[in-house]
Amino acid sequence: MSTVVIAICVLLGLAAVFGIILGYAAVKFKVEGNPIVDQIDGLLPQTQCGQCGYPGCRPYAEAIANGDAINKCPPGGQSTVEALADLLDVEAVPLDAVEETVKKVAYIREDECIGCTKCIQACPVDAILGAAKQMHTVITAECTGCDLCVEPCPVDCIDMLPLETTLNNWKWDAPRPGIELIATDAGRGTEQRGAA
Amino acid sequence: MGKVFAFHGGIHPPENKKQSTRTPIAIAPIPEVLTVPIQQHIGIPAKVLVNVGDQVLKGQMIAAAEGRISASVHAPTSGKVVDISMQPVPHASGLSAQCVVIETDDQEQWSDTQGLADYTALSKPELIDFIRDKGIAGMGGAGFPTDVKLHLGDDHIVNTLIINAAECEPYITADDMLMRERADRIVRGIEVIHHLLKPHHVVIGIEDNKAHAIRVLEEQLKGHPLNIDIVVVPTKYPSGGEKQLIKLLTGVEVPSGGIPADVGIVCQNVGTAAAISDAVFDGKPLISRIVTITGDAARKPQNFEALIGTPFDTLLEAADVDRNALSRLVCGGPMMGFTINDGSIPVIKTSNCVIAATADEMPPAPPAQACIRCGMCEQVCPAELLPQQLHWFAKSRELDKAKHHNLFDCIECGACAYVCPSSIPLVQYYRFAKSEIRNEEAEQRKAELAKQRFEARLARQEQEKLEKEARRKARAADAAKAQAQKAAAPVSQPASSEDELKKLKTAAAVARTKLKKAQTALDKAKADGGDDIAQLDLQFQQAQQASDKAAAALASAEAGQTDAVKPAVDTKQLKTAAAVARTKLKKAEKALASAEEKGQDDLDALRATVKELTQKADAAQQALEQADSGTSAPAVPDTKQLKTAAAVARTKLKKAQSALALAQEQGADNADELAKTVAELEAKAATAQAAFDAAESGSSSAQPQDKTADLQADVDKAKQTLEKAQKALTAAQASGSPAVDKMRAGVEKLEKKYQDAVTALQAVKGSTEKPAAEPELDLKALKQTVSIMRTKLKKAEKALAEAPDDAALADEVARLTQSHDEAKQAFEAGEAKQIEQAAAQGVDLKQLKIDAAMARAAVTKIERAIKKASEQDSDLRELETELVGAQQHADKLNTTLSQFE
Amino acid sequence: MSLIRITSPHVHKPASTADVMRLVLLATIPGVIAMTFFFGWGTLINIAWASLLALTFEAVCVKTRARPVSFYLKDNSALVTAFLIALALPPFAPWWLTAVAVFVAIVIAKHLYGGMGQNPFNPAMVAYALVLISFPVEMTRWTAPFVMLGEGWNVAGFNDTLQLIFGGWSNTADAFTAATPLDEMRHRGGLTTEEAWRASAVLANVGAWHAVSAAYFMGGIFLLYKKIFTWHAPAAFLGSLAVISTLFYLVAPDSYPDPFFHLTVGGTMLGAFFIITDPVSSATSNRGKIVFGIGIGVLVFTIRSWGNYPDAIAFSVLLLNLAAPFIDQYTQPRTYGHKQAKRGAKEKTS
């Protein structure tokens, strides 16, 4: 009888101790907010283009956190899908749209602009400058290339132009692996790469 | 001192220096055309000061330094600026950059430049500014603007000045020859730098393979008052690297990410010292430099003093380069230089060497083998990195690991790639990884910025929504208060206040609603055949009475008000009434039309209603017009209203006309009636227009330009109407409709109206243009017309593309194209005139526009900054001053701009 | 004129990977001569046989992996592996033993891991360890050096050796075999080292093995002079082995052989200059190489003294190969301009 009592007491005691530890840990190591959304948001390109069907990157991040597909971001491209898959530990799926390979920015043909301010209202990052009946212009450095301003323009004076390569943003190419450069047995190597 | 320390690694590539030191420095021939890039240095491009067609003198500044890190550019010789455009420049990318192209005139006519008799008489900032004005930039490698380095004495304690004469790269002998032949200038330059930086100690670091230069320098420094040491360092690449030379001479390392001044050291190249001497003592800006032309393909390898902007081809020619043997043209040394594929690329301030290499001399690198981690790269790395690890990381794009392994401490000297037994292009991997990381970081920053801006925008929109809501609430509260006051006040003061009127109106409205409800109920009951019809009828009558009463009260009150002191309000109400009447009329008409279509029996009744309503509407309109004419005579805004009225009338007219056309085509019975309506409406429209014109002619003198625009629009509209009508007429004629005559009459009328409008426009224009002395087209209107035309055209084209067989559409497109072109022509002509006008006063309109926009943006930015700052309560004053400045600037630009628009 | 655009540097040291490998092959020549001198033709036949197999396997693998065959064969790396295996195996190792070893080295230890430069383990040592565990009898049947044989006996002639290797083992062959000094020392029963020296014919003739070690040492010095590798790993290995064996010899001279014995018998010299200096599978930084060498030295002594196998180079090298990436992470050199060397794989992301 006494052994049973002792066993119960010990178990209760253990339960109490672990309960206290767990309770303390819950308070001490409390995780603020929902960091996964922040992490996802951090991986998204922040163009705020809405091509994912959500009104901006953060809402999409929240949707992903709630189980939406991770392949709806064309500006981010496949690399973003992979990064998200890595973060969320899920299978990387192919992008559900054609990837935008060239970075673009909006450009207003200023001669044709009639100053209607419609593009200003459409711009998610306030990168268009102008006032009613004044010519508008795009602040290139702020433009994310989301092309949301193209549609509303009544006179079609906004073009999406690829970012020009200048001496300041020119980049070195990655060197080509030596095998690809070899004339003998050439082709097979690249074939293999293509298949992979 | 004199002790030499050591740095890790380093290599001993074949020197190949002897070839180009056999002959003294030659003066390079002056080419016919000099291409001078405006950015030959790190930092912000200089701002071009000359225009195409300008004559420039030798040494004249053609582009001025802008910002802190920037260097001016000077005309290397006298001549004429023939082009300012993108030209290929010496850069690893092979891209083009902005250049000033100067056609030389062989006069070598100097601009008025003067050296300083006594540079110590100037204050330090003045002296540095003087040097900055001469466009001196580092002549060793990166081309860092020298004046920035000379300022280092201000906020750093400079103990040691190191003069870099190591010139460790193979082939290059430009500094070597400079020291042999012009050591005096170098020493004078060092004196100037010494004066500015006041170091305790000056060390000239020179490699032991330049015995001749060392001798000359020692000779020159004999008995020199300053503490200048010549330290001979063993020949080893890359001892001429700034960080490596510092380590060699002082044993001190420059902290990663820092500059030498952080450890009390400033480094200057010997060439820069000589250039400073030229600038200070002779007033000669940096317009030429010594370039080594060497390599196995050059039959006469030697050093040239070449003007900045001289194409490499000229120098290759002078060095008798064998074009057939030439396989690789390297700009810079063989270890860090880059290849160029165009001989027209010009010499710039940092071009120290061009190697015309043969294929035997610099054979293409064999294909890279796998890295066997032999560690030879690590043994030679002067930055003590793990090059093979960095290579793995760069290859597999593990950029964060590469960064962790101090990728950014790599000086890209090429020693690792030199020794690599697997011929891996290591340096290119590092450069690739570096630019990739930089790019990623820039994108990260941009994304962060975009996020911030997006969130700020959302917050702003939320704020606006809240504000709107708050305003709406406030209004509602005000209204409630007013209501309460009114309720408290006696009802028998109808003419006294507007509130009273409002209240009456509300009452009338309530009564009407009730009436309507009663009516609906009654109707329903009637339809259902319910028992309580009688009761409902009674209710309805009561409601009607109440409503009538309310309406009467309102009418009397309004009548009282009409005479009262606030006629404008009244017109508005009248207008509303008229609008209501019109709406009713429209509805009735619609009902009539549908009824007619369906052939219902109550057609007559409906027709009667329509007639009645038409009368009412007319009456209302009349009342309105009367009121308008009573009140609007002195006021300008009325014209607008009149215009609207006229426009409305026109619209109606148009609708009616189209209805008529349709009816006629279908041969409907009521065509005649419709025709009548059209005629009536036409008359009305004409009256409205006339009233408008009258009003306008009265007011147009006050604001002639706007009126012109309006009139222009009217004319356009009239023209369009006319065109449509004509088309309808043609169609009618084609279909043999009986109403052709009537239509023709209508068209004629329209034509007349159009003519009138045109005349009116011209009259107005005539009156406005007289003071303007020359005809000024309304550009904005024109622009708008062009835009509209273009949109229309595009739409039509799209339609056409969808239905290519449609001849009518094709015609339409053709017509639109024509009118678009016309409009565009007119616009362009107008704009050209405007620009001309502006240009006559020396202002570029477009630039002005952009400047204005920028200035406005600056104002907004500063405002935002102020808002932020005010939260922290710091720098506020300064920002405010800046804001005022920016605002003034913006205002000024805006004013200038508005003068031209 | 057609000018090429190419990245800097534009000049290269004329040494290629193939040259490096060729130098390593050259450096084995003294050792090969010494082996042949003392142990007969077996070594040379093994080298030829292993080289043939290695090149064949390499070619097949490279072809299967759809890579340019001639390009890879020309880098001489397969030959180096073959030489090392042939030198490590007993001179009379049967042909199939060598074939198994070369197959394991080239196909499994090298190409299955990604080929040249990608293998985490030294291929020759993987092969050696595998055949040592799988075929202990064949692996311990070493040839006796001729100095040990009695009057009138000579080492097996060329034809005899061919017969032994490709034909099969006969009883007459036993006359040529003997244990290695390390074996003798290990299986000396209850004797003290002193007594073992006196009792064993093999140990009495240990000079032959010393001579072979000296030959390897010469080759190593040649490579060091040619700057094919740095002194760090061999010095650390030999140094640590010497120090630790001296300590134990001083404490208990009866139980442990003297340091000179440790340094000059077995695979010590071959390992120090030809195996642990294999750059692919060893640590990369200089400090890392020192750690790597010390680790191998300690392990070699440990296994020789208290382990089941007489020699320990292969196992020690493989264990330290395993640790090399870890060593690398903690022995990064201090980069110019930095106060401290960085540690670990990556900074913790804050």
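Every chain is numbered from 1, with letters handed out A, B, ... down the list of sequences. No experiment lies behind these values; they were computed from the predicted model shown.
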Q. Any side-chain heavy-atom pair from B/Pro14 and C/Val11 closer than 4.5 angstrom?
A. no
Q) Is there a donor-acceptor pair under 3.5 Å between the side chain of B/Glu384 and the backbone N or O of C/Thr335? A) no
Q | Neighbours of chain C found in residues 387-394 of chain B - heavy atoms under 4.5 Å | A | B/Gln388, B/Gln389, B/Trp392
Q. Checking heavy atoms, do the side chain of B/Cys413, its backbone, both or neither come under 4.5 Å from chain C?
A. neither
Q. So with a 6.0 Å cut-off around NZ of B/Lys247, is the heavy-atom count from everything else above 12?
A. yes
Q) Do the side chain of B/Arg373 and the main chain of C/Gln118 share a donor and acceptor less than 3.5 angstrom apart? A) no
Q. Most heavy-atom pairs under 4.5 angstrom with chain C, which of B/Gln379, B/Met336, B/Lys403?
A. B/Gln379
Q: Find the distance between NE2 (C/His10) and OG1 (B/Thr339) and round it off to the nearest 0.5 Å.
A: 5.5 Å
Q. Side chains of B/Glu378 and C/Thr230: closer than 4.5 Å at any heavy-atom pair?
A. no
(Q) Contact between B/Gln369 and C/Tyr72 at the side-chain level, heavy atoms closer than 4.5 Å - yes or no? (A) no
Q. With a 4.5 angstrom heavy-atom cut-off, which part of B/Val263 approaches chain C: side chain, backbone, both or neither?
A. neither
**Q.** Structural part of C/Asn286 lying under 4.5 Å from a heavy atom of chain B
**A.** both
Q. Is the count of non-hydrogen atoms from other residues, nucleotides or ligands lying under 6.0 Å from B/Phe338 atom CZ greater than 12?
A. yes
Q | Selection from B/Gly375, B/Pro382, B/Gly337 maximising heavy-atom pairs under 4.5 Å formed with chain C | A | B/Gly337
Q. Ignoring hydrogens and geometry, is there a side-chain-to-backbone donor-acceptor pair from B/Ser256 to C/Gly337 under 3.5 Å?
A. no
(Q) With a 4.5 Å cut-off on side-chain heavy atoms, are B/Ile372 and C/Met21 touching? (A) yes
Q) Looking at B/Val330, B/Val252, B/Val419, B/Leu426, which has the largest count of heavy-atom pairs under 4.5 Å with chain C? A) B/Val330
Q. Does some side-chain heavy atom of C/His12 sit less than 4.5 Å from a side-chain heavy atom of B/Ser423?
A. no
Q | Test item: B/Met376 and C/Val20 side chains (from C-beta on) under 4.5 Å apart, heavy atoms | A | yes
**Q.** Closest-packed option against chain C by number of heavy-atom pairs under 4.5 Å, given B/Val427, B/Asp409, B/Ile411
**A.** B/Asp409
Q) Got C/Tyr336 and B/Val254 here, is their nearest side-chain heavy-atom distance under 4.5 Å? A) yes
Q. Counting only heavy atoms not in B/Phe432, do more than 12 sit closer than 6.0 Å to its CZ atom?
A. yes
**Q.** Which atoms of C/Val280 approach chain B - backbone, side chain, both or neither, heavy atom under 4.5 Å
**A.** both
Q | Least distance between heavy atoms, C/Pro9 atom then B/Gly414 atom | A | CG-O, 3.5 Å
Q.
Take a 6.0 Å sphere around CD of B/Gln444 and say whether it holds more than 12 heavy atoms from other residues, nucleotides or ligands.
A. no
**Q.** Option in C/His338, C/Lys339, C/Met116 with maximal non-hydrogen atom pairs under 4.5 Å from chain B
**A.** C/His338
Q | Value rounded to 0.5 Å, distance of NZ in B/Lys401 from CD in C/Gln329 | A | 7.5 Å
